[in-house]
Structures are given as structure tokens and as C-alpha cells.
Protein chains: 2
Amino acid sequence: MNDALSSEADVSSAAGIPTSERILSTSAALFREKGYASSTTRELAELLGIRKASLYHHIETKEEILYQICIASLTRIIDEISKSIPAVVSQDDLRTMIRSHVAEIVGTRDFHAVMLTEMRGLTPDHLVEVVALRDRYEELIRDVVSQSQALGILRDDFAAKYLMLCLLNLLNWTIFWFKPGGDLDAEELGDLLASVFLEGASQMSTLGPERGL
Amino acid sequence: MNDALSSEADVSSAAGIPTSERILSTSAALFREKGYASSTTRELAELLGIRKASLYHHIETKEEILYQICIASLTRIIDEISKSIPAVVSQDDLRTMIRSHVAEIVGTRDFHAVMLTEMRGLTPDHLVEVVALRDRYEELIRDVVSQSQALGILRDDFAAKYLMLCLLNLLNWTIFWFKPGGDLDAEELGDLLASVFLEGASQMSTLGPERGL
DNA sequence: GTCTATATTGTGATAGAC
DNA sequence: GTCTATCACAATATAGAC
């Protein structure tokens, strides 16, 4: 685990990328692995190959790094998912949206995992701002769900809010176990999660012949 | 938030429950809210209404509390879910198992949330033991999924392992947003999650008339 | 932009009286 | 079983030279 972190740091260091640009991604990897509160500026400096004090030429506080990671995560995913949603959605669009979300969270895994699990380490002011952004993302999904219900694409026996939360449940816990390079790649994972959300896990025959359309 | 913690502490304190028995539940609530690494023995002592040093009459280290919480969480849920699984499963049994899991994690929310998210704070030895217990729980679920696939109850286009992970995705992220006393109670949540896992979120008409059986 | 050296605070944990 | 007092150390962050 430490090997993964240090080798990653070595790569960007060897590539001549400036320290200021390496801080966020190196911190995201560190915070994801050890948690924000348990990650020290010592460790971060060591991963970056500089002394602890040199960090403070680039940042003002450790919390500022967490804040930047959360903002980067949310602006990225809001942008990516917004692009994938047309004015009027179809079931195929839902599938595309789900696959985009999965591709984004596993493709920029460190940033999203830290945003999703370490948000409480933010100062009150930053927390308010980040929660507002997260709420904006959830509203984006909820609106798509709501429209899909009105169009008869999604079931409407539960409020859009709860269908949205079910969907994010299904997608987001993935950050805790998915490892790139395993026997299921990111694209297959997206297909699986989209299919389980839309069609469920029951065998087709118990649900009728239309399964898989 | 701090109010919720302190009033809870006051209640058990007023009821005359011994400190030694209050430490685990009070710690679970604290660790859940602030994270294990950010929770201090000072705060814990304050919630218990004793001095920091008095804690060490009951425990040897702070990490020992985390270990006890993880063990309690896993033995509880393994026990609860084992009880709900018959030798040969039906779709109804799957539904019951899912509802039991949901009832258990939201009913003993602090313990399970801490186990699920703070495990990395354990010492290496304790981590090995706790991960083994967690793996045992996941195997329990995976075996039920595998048997259901063989019986034609669950789809078999993906390995049981991944269907199990989808299910735990869907159920476990709930710890981050479910609050008892909201407009969806624990039982309704269990029904929703079981139904979304088994039948999916698509409108019935797109899947055929058997939906809901 | 990085360094050495240090300030300051907070942490988990212990000693020993009552 | 709880207390007061304290230890030893690790944390974030700063000062000022190069």
C-alpha cells in the first residue's frame, strides 16, 4: 500500500511535474488510503520528496488541500454527468448516465473517495460550500429520475428522492472495493450496475420475456 | 450533533448504567460522528461524565474500543442474518434476508457504520481478525446468491461475487444518509431496497406483467 | 522553492492519592 | 472506580537563511 503511494509519487516526480501540481493528487491518494485525519504533513512531504516545511510555500493549511480535493471532485463529476444528460431522457440515456458516473468515480477514484468519505474534516465554512455542491449533484440525478418517472421509464411507487438515493447507494459504495486491474474492468462494472439498477437482480424468467430490451 | 451525543450520554448516565457498559455505545456514537482518528479520549470522557484518566481503568487503549465495536458489529450481523437463511432459499427468503440486513444496520447504526468505515484504524493484528469476520459475512451472502442463481431465482450472467457486491453496495451506503424519524422508516427502507435489488427501478410495463409477484 | 530549526498545541497514556 | 497532575511524543504551522 505504501509502495503504491510512493511509486506513484516517484513517477510524477521523475516526470518533472512541479510540486504545486503534485500536491492535490498525491494528497488524494494518501487521504484515501489512511483517511484525512490520520494523514500527516510529514507523510505527504515524504511522498512529494520535500521537507515538511516546504509544503507551506504552496498551501496555507492541510485542510485547504482537502477542500481543493472536494471541489475538484464535485466540479468534475457535475460537469461530466451534465454533459451526458439530454433535455428529454430515454432508458438508454439513464444507462449512459450511470455508466458515466461509474467511469468517473473509478477513473478519478482518489478524489471522489476522499470527497465522499472525508468531507467532515472540512472547516464549517468550507463544509457548507462543499455540501451545497454535493446537493446540486444529487438534484441533477433526482431531476433525471423524476422526469423518467413522469415518462413511464422508472417506477413511481417511491419518491424520486429515494430512487435517487438507491441509485447513489448502488454506485458509490463501489469506491470501497473496486480495484482497477481486477477481473472486472470499469466498463463491465458500469454495465453491471446500470443493469442491476434498471432490471434488478432477479432471473428474467421470473419477470417476463421483455428482460434485456 | 453534539447535542445528540451528550443527551444520549446523559440518558444512560441517568439510568445508572455502569461506565464500563456505556463506553462502547458512547464511543460508537462519537466515532461515527467525528471519525475514529478525530475522536479524542477527552471528548469520550466528557460524554461519559468522567475524567480522561478514569477511562483507563476500563480500557487499555483507544484502539481497543474500536476493535470491540468492530467485533460487536460483525458478530451481531452474522448472527442475525444466519438466523434468517433457510437451507434452501426462495425469492421470499432473499427478501427477508435483505430486510433483516437493513433492519440490523439501521437499528444498530453507530456500531455498523464505525465497523464499515473506521476499520483501517485498527492495529494490524486486530485488522486481520476483523477482516476475516467481515469476509465470513460476505461469504454468507455470496453463498445465498450463488444458490439462488443455481435455483434460477437470481440472474447468472455475472459471478455470485459481483452480485453480492452489488447488493452490499445498495444496502450499506444507507448508513451515510438514513436518519430514523424521517419520512421513510426503517421497514419501508428495507422493502424499497429489497424491491430495487430484486425487480430493479424500471417501470413494470417495460419488463412484463409478472412484476410485483 | 526548498531548507534547518523551532514554536505551540493537542494527543494517548501513566503515576499515585483517595 | 474516579480523581489531580503530569509525562512523552506527534501534530500543524512558522521564522528566517539560502
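Just so you know, these numbers use all the heavy atoms, side chains as well, and skip hydrogens, waters and symmetry mates. Proteins come first, then strands; the chains are lettered A, B, ... in the order of their sequence lines, and each starts at number 1. Just so it is clear, the model here is predicted, and its values are computed rather than measured.
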Next on the checklist: At less than 4.0 Å, is any side-chain N or O atom of Arg42(A) found next to OP1 or OP2 of dA11(D)? Yes or no.
Outcome noted: yes

Item to check | Qualifying residues under side chain to side chain contact (heavy atoms under 4.5 Å, CB included), relative to Pro86(A), sequence neighbours excluded | outcome: Val89(A), Asp93(A)

Checklist entry - Please give, in whole Å, the distance from dT4(C) P to Ile50(A) CD1? => result 12 Å

Checklist outcome for this item: Residues at least two apart in sequence or cross-chain that pass side chain to side chain donor-acceptor pair (under 3.5 Å) with Thr40(A), listed by chain then number, are Glu43(A)

Checklist entry - Are side-chain N/O atoms of Asp110(B) and Ser25(B) paired as donor and acceptor at under 3.5 Å? => result no

Item to check | Gap between atoms CD and P, on Glu21(B) and dG1(D) respectively (whole Å) | outcome: 10 Å

Item to check | Distance in angstrom units between Glu46(A) CD and dT2(C) P, rounded | outcome: 16 Å

Checklist entry - Can you check the Ile65(A) CD1 to dA11(D) P distance for me, whole Å? => result 15 Å

Item to check | Summary of side-chain hydrogen bond (donor to acceptor under 3.5 Å, both in side chains) pairs that have at least one residue in residues 120-137 of chain A, sequence neighbours excluded | outcome: Glu63(A)-Thr123(A), Glu63(A)-His126(A), Tyr67(A)-Glu129(A), His101(A)-Tyr137(A), Arg120(A)-Glu118(B), Thr123(A)-His126(A)

Next on the checklist: Within the 4.0 Å heavy-atom criterion, would you say Ser38(B) contacts the bases, only the backbone, or no part of the nucleic acid?
Outcome noted: nothing

Next on the checklist: Under 4.0 Å from OP1 or OP2 of dG1(D): is there any side-chain N or O of Ser54(B) that close?
Outcome noted: no

Checklist outcome for this item: Residues at least two apart in sequence or cross-chain that pass side chain to side chain donor-acceptor pair (under 3.5 Å) with Ser39(A), listed by chain then number, are none

At a cut-off of 3.5 Å, list every protein nitrogen or oxygen paired with a nitrogen or oxygen from nucleotides 13-17 of chain C, distance to 0.1 Å.
residue	atom	partner	partner atom	Å
dA13(C)	OP2	Tyr56(B)	OH	3.0
dA13(C)	OP2	Lys62(B)	N	2.8
dA13(C)	N6	Lys52(B)	NZ	2.2

Checklist entry - Ile71(B) versus Val130(B): any side-chain heavy-atom pair under 4.5 Å? => result yes

Item to check | Under the side chain to side chain donor-acceptor pair (under 3.5 Å) test, residues paired with Asp183(A) that sit two or more places apart | outcome: Tyr162(B)

Checklist outcome for this item: In whole angstroms, the gap separating C1' of dT4(C) from NE2 of His57(A) amounts to 17 Å

Checklist entry - How close or far is atom C1' of dC3(C) from atom NE2 of His58(A), stated in whole angstroms? => result 12 Å

Checklist entry - So which pairs with a foot in residues 68-91 of chain A pass salt bridge (Lys or Arg N to Asp or Glu O under 4.0 Å), sequence neighbours left out? => result Arg76(A)-Glu104(A), Glu80(A)-Lys83(A)

Checklist entry - Using a 3.5 Å cut-off on both pairing distances, which stems of three or more Watson-Crick or G-U pairs include DNA chain C? => result C:1-18 with D:1-18

Next on the checklist: Nearest whole Å is fine: how far is dT14(D) C1' from Leu55(A) CG?
Outcome noted: 13 Å

Item to check | Under the side chain to side chain donor-acceptor pair (under 3.5 Å) test, residues paired with Asp185(A) that sit two or more places apart | outcome: none

Checklist entry - Roughly, in whole Å, what's the span from CZ in Arg51(B) to C1' in dT6(D)? => result 15 Å

Item to check | Phosphate OP1/OP2 of dA10(D): any Thr40(A) side-chain N/O under 4.0 Å | outcome: no

